[in-house]
Amino acid sequence: MAAPSASSPAARNGASDTTAARDPLIIGDLTLSSRVLLGTSGYPNPQVMLDAMEASGTELVTVAIRRVNVRDQSEESMLELLQRHGYQLLPNTAGCYTAREAVLVAQLAREALDTDYVKLEVIGDDETLIPDVEQLLKAAKTLVDDGFQVLAYANDDPITCQKLAGMGCAAVMPLGSPIGSGMGLVNPYNLRLIRELITDTPLLVDAGIGTASDAAMAMELGYDGVLLNTAVSKAKHPVAMAQAIRHAVKAGRLAHTAGRIPRRLYADASSPETGRVGT
């Protein structure tokens, strides 16, 4: 990826001088200095959204194609606003319940936004918003075969995630907990297992993050990034929460790469036993 322009989020945040720039997130042929992907819905107003995005350091933001008018070229359109501020758009198929719907929405997004990247969501029901595995796998296969770079929102099921990675998805994104719940990572065991099983495909925790510590935990588990929306947009102070998430992701990534000490059942004195007074 070329050096960020003066108006890009990476340039505004000084990414070229940070550790993050030397440890980029690579998804397909896309290189990002930020490991935070942010949604665009539910903010009090567009200015708060833009301020939160800048505070988070994000460069790639998701937009629900079924809920925006992709042909709206007015000055105040959401898509135009985001592009004018230098953000790369990741269209998503939110609101789709079948593979057929999701594929159609992805194709419309490709035509309207001139991108092969898509966040694939195929939801099973309105109560949990948990993915329908059968329809998800079917849609992912169709889109990958059609040349899309698919970032697949998935259940925290190791087998499903392995299948998505095996069919060539650009990234696999298991949920931490249901969308918008803020419950955090309710099954870290499964998330850890998914990371151990999938080593050559980017993994992001998508959905359920409620606060900064959840994002840090995801990164400490070895995930490559986080995708979130409600934790920021519905926070009491969205901009402050976005900044907290940004720092948490950096801290979690650094802790993971540093390598934590093993957990022990009993104490292990850090001071040497030899040379004690009286011995």
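In plain terms, the two heavy atoms of Val122 and Ala139 that are nearest each other are CG2-CB, 4.1 Å. Closest approach of Gly252 and Met219 over heavy atoms only: C-CB, 3.5 Å. Nearest approach of Ala244 to Ala212, heavy atoms of both residues: O-CB, 3.8 Å.
When side chains are defined from C-beta on, Pro131 counts as touching Leu175, because their heavy atoms get closer than 4.5 Å. Residues Lys119 and Met173 form a side-chain contact, since some pair of their non-hydrogen atoms from C-beta on lies under 4.5 Å apart. Taking 4.5 Å as the limit, some side-chain heavy atom of Asn190 sits within range of a side-chain heavy atom of Pro158.
Grouping the Ile, Leu, Val, Met, Phe, Trp and Tyr side chains by contacts below 4.5 angstrom, directly or via other members, places Ile130 apart from Val133.
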Assess whether side-chain contact (heavy atoms from CB on, under 4.5 Å) is satisfied between Leu30 and Gln88, documenting all intermediate values. CA-CA 10 Å; Leu30 186 64; Gln88 299 186 66; 3.1 Å; yes
Salt bridge (Lys or Arg N to Asp or Glu O under 4.0 Å) evaluation trace for Asp145 with Lys141: CA-CA 6 Å; Asp145 288 347; Lys141 179 67 164 59; 2.6 Å; yes
Derivation of the side-chain contact (heavy atoms from CB on, under 4.5 Å) call for Met217 and Leu191: CA-CA 11 Å; Met217 181 184 294; Leu191 293 175; over 6 Å; no
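Counting only N and O atoms by type, the side chains of Ser41 and Asn229 include a donor and acceptor under 3.5 Å apart. Side chains of Thr93 and Glu101: no donor on one and acceptor on the other come within 3.5 Å. For Asp126 and Tyr97, the side-chain atoms include at least one donor-acceptor pair closer than 3.5 Å. Counting only N and O atoms by type, the side chains of Asp214 and Thr211 include no donor and acceptor under 3.5 Å apart. Looking at Asn92 and Tyr117, their side chains never bring a donor and an acceptor atom within 3.5 Å of each other.
In summary, Asp224 and Arg195 engage in a salt bridge, as defined by a charged side-chain N under 4.0 Å from a carboxylate O.
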